[in-house]
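Worksheet: the structure to be examined is printed underneath.
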Amino acid sequence: MAEAQFRTPKGTHDLLPEDHVFMTYIKKAVRHRARQAGYKRIETPLFENRAIFERGIGAHTDIVEKELFMVSSKHGTDDDSQPEFALRPEFTASICRSYVEHGMQQLPQPVELYAIGPCFRHDRPQKGRYRQFNQFNFEIIGLKDASLDAQLIQVLSRILEDLKILDRLCLQINNIGTAENRGAYVEALKDYFIGKERNLPDLDRKRLETNPLRLLDSKEEDTQILLKSAPTLEQFLNDESKAYHETVLEYLDELGIAYQPNPGLVRGLDYYTQTVFEYWDESTGAQNAVGGGGRYDPLIELLGGSNTPGIGFACGMERTVWQMKQAGIKPPNKDQVDVFVAQLGPEAKKTCLSLISQLRDSGVHTIGALGEASLKSQMRLADKFGVRYTLLLGQMEVKEGVIILRDMAAGKQKQIKFDTAVPAIIKLIGDKNLDTYMLKDHMGEEDG
RNA sequence: GCGAGAUUAGCUCAGUUGGUUAGAGCGUCCGGUUGUGGUCCGGAAGGUCAUGGGUUCAAGCCCCAUAUCUCGCCCCA
């Protein structure tokens with residue numbers, strides 16, 4: 001066997017069958033909760049004009065400065081101009097672009113949309129951090145009310161509950177006010193640290209220059225001690241923001257959603273205003289957010305639309321899967337094979353083809369060994385697939401118009417008429433367990 | 001982008017102070033007398049020891065570089 005010559009690019013992974021069932025399970029929960037709440041699904045391109053991200057997310061954020069996956073539409077390397085496109089690092093900017101592009105302000109407001117799919121960041125890979133990863137994402141655009149903030153959080157909460165990982169996570173919530181509030185606060189914070197820089201660790205001294213708000217969630221002990229007597233962001237919030245925050249928390253109480261107010265919660269994207277929140281796993285110590293989001297009232301206007309409020313969240317699906325595995329949650333396996341068809345001899349093989357086909361069309365998960373392997377090997381295969389029943393067809397049976405039906409768990413078998421094989425299997429498995437579907441009842445929502 | 005640790009069969013790992021032909025378990029495949037699984041027994045396949053250099057009479061083992069993975073930082077999903 002030759003050594004594998006090719007492998008997945010750095011930070012990307014094959015999603016093998018045993019893990020893929022987690023993804024389909026999560027998607028199912030997402031679709032279910034989305035439909036219940038009237039969200040409609042949207043899909044945007046994997047790549048967009050890079051300016052959408054640069055303008056929307058903020059040119060000086062890490063996501064844009066060092067994590068954007070650039071895409072050039074041109075071949076070759078002779079072209080030294082900047083790439084025109086970038087792979088999406090998240091959904092929100094794309095969905096807002098779509099809202100503006102398709103005149104969705106003409107629809108009844110708010111417009112509630114959700115999306116599921118891969119996003120890309122040119123990061124150094126780490127646990128729960130990959131260059132290609134999947135998110136599910138919810139947005140409410142066009143109407144601002146504290147009740148919508150609470151309802152949006154509720155959708156995420158319900159999905160995490162459905163997946164049985166909600167109790168592992170803690171909802172952190174904060175209000176970071178308007179851009180003006182934050183501007184005033186940053187000035188005050190800088191003033192406060194004048195003369196105290198020497199007590200700050202190197203990293204945080206730099207942050208004071210580049211992104212002072214980040215000091216709030218610094219892990220450095222010295223910094224946290226200094227922050228205790230520093231001005232707080234809360235003191236700089238305008239009355240409207242304070243009242244809004246109070247109302248959001250009231251509504252969360254009303255909905256029975258547990259939360260932990262966190263004045264230090266600051267999200268790194270420029271477009272956030274007012275409400276921000278994250279679901280954390282506190283046990284890991286690190287603030288590894290499974291999902292999070294917030295209000296982005298200035299974003300639509302930044303992307304060329306009219307002044308339109310919005311709020312949304314994104315949840316990392318790989319991180320969700322990790323939580324499920326830690327919690328010992330296993331999605332139901334629908335790939336279970338019901339029947340194995342073993343065969344001996346050319347006549348039998350030929351007959352098996354249509355038998356297998358009939359079983360499958362009836363909704364019985366059926367596989368057959370159509371190679372030339374010995375019966376022993378075929379039976380071993382049947383065992384490995386864990387089938388409940390095996391149908392055996394040899395030369396003799398073909399001649400006599402019969403077939404052997406073996407119950408694998410019981411280890412017993414009997415000969416029945418060939419024509420009764422399909423109905424007999426269906427009866428044994430039970431109508432309810434047949435895998436049949438009518439396309440009209442499932443309008444293309446079961447995949448993807 | 002910065003720091004640390006890893007890399008031996010499909011998987012999980014042994015491999016002595018450098019010393020002949022590279023080891024196990026699991027998994028895979030094939031057998032264990034006419035056409036019957038799980039347990040049991042036997043056999044086989046599968047490795048340029050991540051890649052490329054270097055030191056040495058001799059390298060899986062020592063040195064350097066590169067790649068990838070893992071764990072931190074930054075940041076985030």
Side-chain angles (χ1 to χ4, degrees), chain A residues 1-13 16 18 57 60-67 88-92 116-137 156 201-204 206-207 210-211 214 217-220 265-269 278-281 284-293 313-323 340 342-345 348 369 371-398 404-413:
Chain A
M1 188 82 159
E3 178 200 344
Q5 190 177 3
F6 296 115
R7 35 171 61 196
T8 57
K10 183 173 182 167
T12 67
H13 300 280
L16 299 175
E18 59 265 31
I57 296 168
H60 299 297
T61 58
D62 273 18
I63 291 186
V64 166
E65 242 170 21
K66 59 184 204 195
E67 295 171 10
R88 65 179 181 212
E90 50 125 45
F91 280 104
T92 303
I116 306 173
C119 296
F120 305 84
R121 293 186 197 176
H122 196 270
D123 246 358
R124 183 108 156 240
Q126 219 180 103
K127 186 163 209 67
R129 200 175 74 183
Y130 308 113
R131 290 188 168 185
Q132 176 175 344
F133 59 100
N134 291 282
Q135 285 190 342
F136 61 85
N137 184 276
L156 176 55
D202 288 353
L203 190 69
D204 282 340
K206 270 183 207 154
R207 275 177 173 153
T210 57
N211 198 348
R214 279 279 148 215
D217 54 17
S218 169
K219 284 164 202 156
E220 301 285 350
L265 181 65
V266 184
R267 289 178 61 84
L269 282 51
E278 285 181 4
Y279 266 101
W280 288 357
D281 179 352
T284 59
Q287 17 169 310
N288 249 352
V290 173
F313 73 77
C315 190
M317 294 177 68
E318 283 77 8
R319 291 181 181 186
T320 303
V321 169
W322 190 86
Q323 289 292 336
F340 185 92
Q343 124 303 135
L344 282 174
E372 304 297 328
S374 68
L375 190 55
K376 181 201 270 287
S377 295
Q378 293 186 53
M379 292 304 289
R380 279 181 173 160
L381 252 188
D383 189 63
K384 275 163 200 158
F385 278 106
V387 297
R388 292 171 63 190
Y389 303 101
T390 297
L391 287 168
L392 282 112
L393 192 69
Q395 299 286 47
M396 271 159 38
E397 286 78 15
V398 172
I404 295 167
L405 170 58
R406 182 174 177 83
D407 181 324
M408 295 301 275
K412 289 177 181 167
Q413 63 188 45

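Just so we're clear, the structure is a prediction, and the values are computed from it rather than from any experiment. Just so it is clear: chains get the letters A, B, ... in the order the sequence lines come, proteins before strands, and each one is counted from 1.
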Ser377(A) vs G31(B): side-chain N/O to OP1/OP2 distance below 4.0 Å: yes
First encountered from the 5' end of RNA chain B, between Gly316(A) and Arg129(A): Arg129(A)
Ile116(A) vs Asn134(A) side-chain heavy atoms within contact, under 4.5 Å: no
Distance-only donor-acceptor test, Arg319(A) side-chain atoms vs C76(B) base atoms, 3.5 Å: yes
Of the listed nucleotides C30(B), C69(B), G35(B), the one nearest the side chain of Leu344(A): G35(B)
Chi angles and distances behind the side chain to side chain contact (heavy atoms under 4.5 Å, CB included) call for Glu397(A), Leu392(A): CA-CA 9 Å; Glu397(A) 286 78 15; Leu392(A) 282 112; over 6 Å; no
Listed nucleotide nearest any side-chain atom of Leu375(A), set A77(B), U70(B), U36(B): U36(B)
Short side-chain N/O contact to G38(B) OP1/OP2 from Arg380(A), under 4.0 Å: yes
Interatomic distance at C1', U66(B) relative to G25(B), whole Å: 33 Å
Base-pairing assignment for G25(B) (Watson-Crick or G-U wobble, both under 3.5 Å): C11(B)
Rounded C1' spacing from G23(B) to G15(B) in Å: 7 Å
Heavy-atom check, side chain of His13(A) versus side chain of Glu318(A), under 4.5 Å: no
Asp383(A) (side chain) and G38(B) (base): donor-acceptor pair under 3.5 Å: no
Lys10(A)/His122(A) under side chain to side chain contact (heavy atoms under 4.5 Å, CB included): CA gap, chis, key distance, verdict: CA-CA 10 Å; Lys10(A) 183 173 182 167; His122(A) 196 270; over 6 Å; no
Atom-to-atom span, CZ of Phe136(A) to P of A77(B) - whole angstrom: 13 Å
Nucleotide A4(B), atom C1' - distance to NZ of Lys127(A) in whole Å: 17 Å
G31(B) OP1/OP2 closer than 4.0 Å to side-chain N/O of Ser374(A): yes
Atom pair distance, as rounded to whole Å: CG in Leu405(A) and C1' in U36(B): 14 Å
Sugar-phosphate, base or nothing in reach of Glu318(A), heavy atoms under 4.0 Å: nothing
Between G27(B) (P) and Phe385(A) (CZ): distance, integer Å: 16 Å
Value in whole Å for how far the C1' atom of A77(B) lies from CG of Asn134(A): 10 Å
Complementary nucleotide of C62(B), counting Watson-Crick and G-U pairs under 3.5 Å: G54(B)
Distance test, side-chain N/O of Lys10(A) to OP1/OP2 of U66(B), below 4.0 Å: no
Nearest-nucleotide 5' precedence on RNA chain B, Val266(A) against Thr12(A): Thr12(A)
Whole-Å C1' distance, C62(B) and G18(B): 8 Å
Complementary nucleotide of G35(B), counting Watson-Crick and G-U pairs under 3.5 Å: none
Below 4.0 Å: OP1/OP2 of U36(B) and any side-chain N or O of Lys376(A): no
Under-3.5 Å donor-acceptor pair between Glu397(A) side chain and G35(B) base: yes
Sugar-phosphate only, base, or nothing, as touched by Ile404(A) at under 4.0 Å among non-hydrogen atoms: base
Protein-nucleotide distance (Gln378(A), atom CD; G35(B), atom C1'), rounded to Å: 10 Å
Nearest-Å distance once atom C1' is located in both A59(B) and U70(B): 26 Å
Pairing residues for Arg388(A) by the side-chain hydrogen bond (donor to acceptor under 3.5 Å, both in side chains) criterion, not counting sequence neighbours: none
Sugar-phosphate only, base, or nothing, as touched by Gly11(A) at under 4.0 Å among non-hydrogen atoms: sugar-phosphate
Opposite nucleotide pairing with C71(B), Watson-Crick or G-U, both atom distances under 3.5 Å: G3(B)
Atom-to-atom span, CD of Gln126(A) to P of C73(B) - whole angstrom: 7 Å
Whole-Å C1' distance, U68(B) and C26(B): 25 Å
Leu344(A) and Gln395(A), any side-chain heavy atoms less than 4.5 Å apart: no
base_contact_polar (A77(B) base, Arg121(A) side chain, donor-acceptor, <3.5 Å): yes
Sugar-phosphate only, base, or nothing, as touched by Met317(A) at under 4.0 Å among non-hydrogen atoms: nothing
Rounded interatomic separation in angstrom, taking CZ from Phe340(A) and C1' from G35(B): 14 Å
Who pairs with G42(B) - Watson-Crick or G-U, where each distance is under 3.5 Å: C30(B)
C1' gap between G60(B) and G47(B), integer Å: 11 Å
Watson-Crick or G-U wobble partner of A77(B), both distances under 3.5 Å: none
Rounded C1' spacing from G35(B) to G27(B) in Å: 28 Å
Thr390(A) backbone acceptor or donor facing Arg406(A) side chain under 3.5 Å: no
Within-4.5 Å side-chain heavy-atom neighbours: Phe133(A) and Arg319(A): no
Nearest-angstrom distance, C1' atom, C63(B) to U55(B): 7 Å
Sugar-phosphate, base or nothing in reach of Gly128(A), heavy atoms under 4.0 Å: base
